[in-house]
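The block underneath contains the structure these notes are about, expressed in structure tokens.
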Amino acid sequence: MESTAQTESAAFKEKVRRTVYLDNLSPHVTESVLKTALNQFGTVKSVEFIPNYTESKNIPLCALVEMEHVKQAKAVIAALGEFPFMMSGMPRPVRARPAEVEMFDDRPKPDRIIRCCWLNPNDPAFEVAQKLKQMVRQHAAEASFVLKNQLEEEEKLAKQQRDSLKANYKKYELIDGIIGDGTAQRLVRRYGMKVLDN
Amino acid sequence: MSHLEEAYREENLQFKWGIKKEVDCNKDLQFYESFMYKGVEYSLYDCVYIYHTSCLETSIGKLVKVYETPNHEKEVKVVWFLRPIDVCNFLNGYEPRWNEIFLASGEGTGLSNTNPLVLGGIEEVIIGKCNVLCTSNDWRNPRLSGEELQNADYIFYRTFDVAKLKIEESFSEEIDGVKVEHFFNRKKDQEFIDPLNSTENVQEWTGKLTSPKLGFGKAVVDVVKNNSSGIRVNPVVKESERAAVVNKQGYFPSDISMLQPTTSIGNCQKEERSPENIDGVKESRKPKVNEDKQGCFPSKKTTLRIKTSGENFTASESFSKVQRFSDREKEKVIVSPLNSKANAKVWTGKSSLSPRLGLDNAVGRVVKNDNSGIRLSPVVKDSEKSTVRQGHFPRPKTSVDKDKFGEGRICCSQLKNRAKVRYSEDVIPANASVAPLKKRRCLHNEIASKEHDKLAAQFIQSKGTKTDRVYWKVTPRPDSDRGSWFTRHLWENRLQKAHEIGTVLSLENLDPSYTSSEVEDLVWHALNQRVEAKMLQRSKALVIFKSKDAADMAIVELKRRCLLLEDGRPVICSRQTLREPSKPASFFGHLNLDKIRRQKQRDQQMVKRFAMFTKNAVSTSHCSQLNTIEYEMAMEWRFLQGKSDLWWKALHEVLIQMS
């Protein structure tokens with residue numbers, strides 16, 4: 001019985017090492033998209049999206065992708081660290097990290113005993129506990145504030161990029177226009193410039 | 001409370017079938033129209049309170065079938081009424097009235113249940129009748145008088161469709177196979193038949209009293225001393241009471257003095273009446289200014305309790321008994337402040353009313369009382385001297401039922417207690433709609449806390465720990481392996497469902513390394529609740545409780561006390577709202593360049609630098625190449641991601657320092 005538990009936990013640890021945690025994923029990313037995207041690095045064994053039940057804000061999708069070998073997982077992390085990797089859209093790159101045990105929902109129960117107790121209001125430690133509780137709440141609020149700011153930042157960046165892309169696009173269109181209608185040629189002639197292209 | 005426990009404990013339930021109905025040949029079910037249960041006769045289509053073990057709030061249901069199976073199992077089928085709190089997620093901004101409930105309709109869970117009637121292992125128990133009236137304007141619904149409404153424990157005029165999860169105003173032809181007429185109010189003649197009601201009297205009586213004048217003019221006054229020691233009581237009024245019963249007709253100031261000697265002056269002089277009180281009294285006698293916020297008729301039912309004594313009984317014999325009112329569950333006691341001379345003087349002095357008027361229209365205390373089974377009964381003390389001014393009834397059919405006193409507990413004014421003698425202020429509102437709600441609430445609270453204490457006590461006992469702060473081991477709860485694959489598959493569905501009924505809580509500040517099943521064990525040991533838990537990231541877990549009450553209790557319990565984990569973390573519990581699954585998630589950072597794509601088709605050459613963008617972007621995944629604008633932008637994102645990593649790290653470091 002113990003040995004099975006042990007092998008189980010060893011197998012799980014191995015699985016964790018094989019797994020890549022991806023975030024900054026678009027909500028349109030599906031399992032098949034992930035599989036085709038990462039198949040270039042090795043065989044994808046399984047994909048598990050980490051659902052977001054509670055956050056009211058829109059945080060990007062995260063997923064755990066289990067590769068066939070530890071090496072492949074490392075390759076994924078290295079490649080995605082080196083180059084911005086686009087998945088189902090651009091230019092926001094996907095990010096990869098090694099997975100951690102706590103990310104797994106179905107992790108085996110560790111062999112340990114949890115202890116806990118009730119603190120009654122008359123206990124002197126009760127006050128302390130109340131303060132701790134308050135602090136945890138405060139932390140949660142702070143974290144949520146940071147998250148909010150981050151989302152705002154992201155939105156700002158996206159907007160800025162959209163604008164710059166639009167501007168760029170306009171420029172190209174302009175150039176396209178003047179070349180298309182012969183204005184460029186005329187200008188070249190007018191100023192006696194030498195144009196290598198064409 | 002005493003009632004509940006009693007209901008809970010008593011095994012030898014007195015049960016008797018009443019009128020037989022037809023037999024269902026297919027299933028050999030013997031249907032009945034009525035039955036006796038613990039001394040109360042229930043008939044078909046009565047509304048009852050049903051107590052569920054471990055629930056704080058009783059449920060209200062209508063008996064739609066009463067039958068006995070061939071195995072002699074007695075069962076009732078109940079169509080539920082839903083309290084606003086049950087459907088609070090679907091109210092859509094609609095604010096129910098304080099005593100409004102919703103009739104379940106449609107098809108699905110939550111509509112009806114079949115419950116065993118007399119129970120071995122008690123799961124659900126009928127604990128009493130509930131007066132639920134329908135105020136719908138549906139043509140099939142017999143209209144009610146204001147008084148009847150006022151006496152209702154609950155009203156309904158909307159249904160809640162359990163399938164559509166919507167509140168609806170219309171009533172379908174049948175609800176759970178029962179003609180909707182049965183859900184509406186009973187027709188009057190039907191009501192007369194009801195053997196329990198002793199209605200005949202009452203109906204006529206109330207009928208006569210509907211005129212405000214009559215009602216008040218013939219107010220019966222009852223001054224009772226109330227000893228609020230709260231123990232369950234046998235409120236039979238004892239003989240040693242001295243009472244003066246005064247016939248109101250021909251009641252003149254002079255009479256007062258005549259009468260006074262029979263009342264206890266000692267008591268009376270302690271009483272003072274403030275001018276507001278008088279105003280209150282004045283008001284209450286005028287129909288239009290009635291304080292009743294429900295807009296019912298001012299003609300309050302003057303239900304009376306006449307306490308009589310052997311010695312001093314002056315009125316006719318017909319008064320020697322206690323008048324019970326049409327509604328068996330409610331009693332209003334009108335207590336007049338008239339018993340003292342001083343009183344009378346102040347009164348006459350301060351009010352512009354003539355003494356006579358004042359006396360005629362004295363309305364003292366109107367106390368609403370209902371026996372939903374969870375009331376503390378006041379003790380009615382013996383040897384109390386009381387003045388009873390008996391109105392002259394059109395039909396003095398005041399049949400008395402001393403026994404019923406036991407059920408209808410009566411709040412009485414305590415003469416000696418000046419706080420309580422502030423009649424008009426806290427008395428009339430007691431009749432108004434708001435007060436009973438409060439009363440109910442605080443009673444529930446009381447019950448809740450008691451329940452918790454009980455549970456905690458049990459719990460501590462079961463753990464064998466009587467002292468504070470004893471850590472106990474969280475061992476796997478029994479049959480914890482049960483159906484794990486099943487659980488995972490349906491988790492999302494069940495989470496949604498649970499969210500709808502409000503049983504999802506979040507536990508925070510857990511050890512992040514806990515697994516879901518460890519959290520389940522923890523809750524099982526700490527709160528004695530079997531739950532489903534799911535560990536989320538960052539030391540948070542979602543927990544689905546079995547029922548809303550269990551969830552509420554968990555919140556209260558974790559607030560009142562503090563569950564401390566081994567490493568000193570206190571667990572935080574709060575109600576969790578989930579994000580709506582249907583809401584599409586927005587995502588920033590992916591730019592859509594349809595235009596460019598079109599452009600590309602027109603002119604491959606010019607947009608070659610956008611090639612990366614335009615190459616069927618959505619389905620392809622790729623690494624960016626250095627010479628594209630995409631790469632530049634991706635780098636900007638990288639930069640932002642790096643920054644966000646930094647600020648998260650910074651935040652967590654600060655947190656670690658702080659904690």
Side-chain angles (χ1 to χ4, degrees), chain A residues 24 26-27 33 36-37 52-56 58 60 79 83-93 95 102-103 105 107 109-110 113-121 123 125-126 129-130 132-133 135-137 139-140 142-143 146 150 153-155 157-158 161-162 165 168-169 172 175-176, chain B residues 468-474 495 506 508-509 512-513 515-518 522 526 536-537 542 560-566 570 572 576 578-579 585-591 596 603 606-607 613 617-618 621-624 629-631 633-638 640-641 644 647-648 651 655 658-659:
Chain A
N24 278 288
S26 147
V33 170
T36 40
N52 166 25
Y53 296 117
T54 56
E55 204 57 65
S56 55
N58 285 305
F83 304 101
F85 193 79
M86 305 296 141
M87 207 179 278
S88 286
M90 54 203 75
R92 187 171 177 176
R95 204 160 45 157
E102 277 78 39
M103 293 169 176
D105 197 38
R107 58 180 182 266
K109 213 166 146 182
I113 288 164
I114 300 172
R115 287 163 197 275
C116 60
C117 75
W118 281 109
L119 268 189
N120 281 321
D123 195 305
F126 189 74
Q130 290 294 338
L132 273 176
K133 275 189 183 179
M135 203 178 271
V136 172
R137 291 239 160 81
H139 293 173
E142 278 165 3
V146 170
Q150 179 175 333
E153 286 286 319
E154 284 168 2
E155 192 178 354
L157 181 62
Q161 288 187 342
R162 198 181 56 225
L165 187 66
N168 267 334
Y169 176 65
Y172 282 111
I175 293 170
D176 185 26
Chain B
D468 291 344
R469 298 194 70 182
V470 171
Y471 286 92
W472 70 82
K473 286 180 190 176
V474 175
L495 187 67
S506 70
E508 283 164 87
N509 204 26
S513 69
T515 61
S516 302
S517 73
E518 279 174 323
L522 181 74
L536 306 179
Q537 266 89 37
L542 283 183
R560 196 176 68 83
R561 301 195 287 162
C562 193
L563 185 61
L564 203 65
L565 302 180
E566 201 173 11
I572 295 179
Q576 183 67 52
L578 302 178
R579 56 176 290 136
S586 67
F587 181 73
F588 299 113
H590 282 177
L591 304 175
I596 293 171
D603 192 346
M606 278 318 293
V607 285
F613 274 113
V618 174
S621 308
H622 56 269
C623 287
S624 299
I629 199 171
E630 179 196 61
Y631 185 81
M633 288 182 169
M635 277 305 145
E636 287 174 10
W637 276 102
R638 267 293 162 80
L640 183 66
Q641 284 170 354
S644 77
W647 69 51
W648 280 112
L651 178 76
L655 296 189
M658 277 167 69
S659 51

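Here is the naming used below: chain letters follow the sequence lines, and residue numbers restart at 1 for every chain. Computed over heavy atoms, backbone and side chain alike; hydrogens, waters and symmetry mates excluded.
- If you tally non-hydrogen atom pairs under 4.5 Å between each of A:Ala140, A:Ala129, A:Ala79, A:Pro93 and chain B, the highest count goes to A:Pro93.
- Listed here is the closest heavy atom pair of A:Phe83 and B:Arg638: O-NH2, 3.6 Å.
- In terms of the salt bridge (Lys or Arg N to Asp or Glu O under 4.0 Å) criterion, residue partners of A:Glu153 (sequence neighbours excluded) are, by chain and number, A:Lys156.
- Note that the CG atom of B:Leu640 and the CZ atom of A:Arg92 stand 7.5 Å from one another [nearest 0.5 Å].
- Heavy-atom minimum distance, B:Trp648 versus A:Gln150: NE1-OE1, 2.6 Å.
- Judged purely by distance below 3.5 Å, without hydrogens or angles, the side chains of A:Glu154 and B:Trp637 never pair a donor atom with an acceptor atom.
- Using a 4.5 Å heavy-atom cutoff, the side chains of A:Lys133 and B:Cys562 are in contact.
- The distance from atom CD of B:Gln641 to atom CG of A:Asn24, rounded to the nearest 0.5 Å, is 4.0 Å.
- Formation of a donor-acceptor pair under 3.5 Å by the A:Trp118 side chain with backbone atoms of B:Leu564 is not found in this model.
- Scanning all heavy atoms of the two residues, the minimum distance from A:Ala143 to B:Leu651 falls at CA-CD2, 3.7 Å.
- A:Gln161 places a side-chain N or O within donor-acceptor distance of the main-chain N or O of B:Met633, the cut-off being under 3.5 Å.
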